[in-house]
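Read the structure below first, then the notes.
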Number of protein chains: 2
Amino acid sequence: MIEPDGPVPIYLQLADILAERIERGEWQPNRAIPSETQLVQEFGIARNTVRKAISVLRERGLVFTVPQRGTFVSPQANA
Amino acid sequence: MIEPDGPVPIYLQLADILAERIERGEWQPNRAIPSETQLVQEFGIARNTVRKAISVLRERGLVFTVPQRGTFVSPQANA
DNA sequence: CTGTATTTGTTCGTATGTATT
DNA sequence: AAATACATACGAACAAATACA
């Protein structure tokens, strides 16, 4: 999945992978995406890198984060 | 390897050495070449000189550089 | 959050040799 | 001869982004 030594930063690779899942409707609007810990384990990368990827998705308007609750797919993310 | 007192500038000698490695397929497309620091150590020259050599390779279309990631062999460099 | 490591980007100063004025 | 300009080469320092624990 992730190419650690490629030209593209890991956090951007992950952001693109997650964005594709969202846009394909794999995760429904207003439903939580996997937790940071789950993503760390799935992709074998550092937690900070996962957080950076999620912040990119936030800036793209694909997700929104609720403190102490999780990160959720935006209502119109895959519309 | 490098002839410091020869007629050819050091940065051009290094550019030619690296170009040969790329064209021989020693480094694959989209894979990183050694970092500037590694090249400094391998050839015993100044970092600025290494950077000058790499900029020559960029102008020749052999490599592309991603800030904070490295310098990578161009996709068609050894095609 | 902190701290550390790596890598490229940038700038400054110094020195040398060559060419020009 | 003298001054200027340019290219080459080295060294050092710091910034910023990435990635890890």
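Here the structure is a predicted model, which is why all the values come from computation and not from measurement. Residue numbering restarts at 1 for every chain, and letters A, B, ... go by the order of the sequence lines.
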Taking only side-chain nitrogens and oxygens of [X], does any of them come within less than 4.0 Å of OP1 or OP2 of [N]?
X: A/K52; N: D/dT18; value: yes
X: B/R51; N: C/dT8; value: no
X: A/Y11; N: D/dA19; value: no

Without hydrogens or angle criteria, can the side chains of B/R58 and B/T65 be said to hold a donor-acceptor pair below 3.5 Å?
->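 There is such a pair (donor and acceptor under 3.5 Å, judged by atom type) between the side chains of B/R58 and B/T65.
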
Write down the distance between CG (B/L14) and P (D/dC10), rounded to a whole number of angstrom.
->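 Distance, rounded to whole Å: 10 Å.
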
What's the CG-P distance between B/D5 and D/dT8, to the nearest Å?
->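 Answer to the nearest Å: 16 Å.
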
Do A/I45 and A/L14 pass the side-chain contact (heavy atoms from CB on, under 4.5 Å) test, and can you show the C-alpha distance, the side-chain angles, and the key distance before you say yes or no?
-> CA-CA 10 Å; A/I45 61 181; A/L14 177 57; 3.7 Å; yes

[X] side chain to [Y] main-chain N or O, any donor-acceptor pair under 3.5 Å?
X: B/S35; Y: B/Q38; answer: yes
X: B/R69; Y: A/G6; answer: yes
X: A/E36; Y: A/R51; answer: no

When the nearest nucleotide of DNA chain D is assigned to B/R69 and to B/I10 on a heavy-atom basis, which residue is associated with the more 5' position?
->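 Closer to the 5' end of DNA chain D: B/I10.
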
Using the closest heavy atom to pick a nucleotide of DNA chain D for each, name whichever of B/P67 or B/Q13 lands nearer the 5' end.
->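 The residue closer to the strand's 5' end, by nearest nucleotide, is B/Q13.
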
Report the base-pairing partner of D/dC10 (Watson-Crick or G-U wobble, both distances below 3.5 angstrom), or none.
->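 Partner of D/dC10: C/dG13.
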
Kindly determine whether B/L39 and B/L18 satisfy side-chain contact (heavy atoms from CB on, under 4.5 Å), including the steps that lead there.
-> CA-CA 10 Å; B/L39 293 174; B/L18 299 181; 4.1 Å; yes

Do the side chain of B/Q68 and the base of C/dT8 come within less than 3.5 angstrom through a donor-acceptor pair of N or O atoms?
->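 When only heavy-atom distances are counted, B/Q68 does reach the base of C/dT8 through a donor-acceptor pair under 3.5 Å.
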
Which of residues 32-49 of chain B have a heavy atom under 4.0 Å from DNA chain C?
->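 Contacts with DNA chain C under 4.0 Å: B/S35, B/E36, B/R47, B/N48.
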
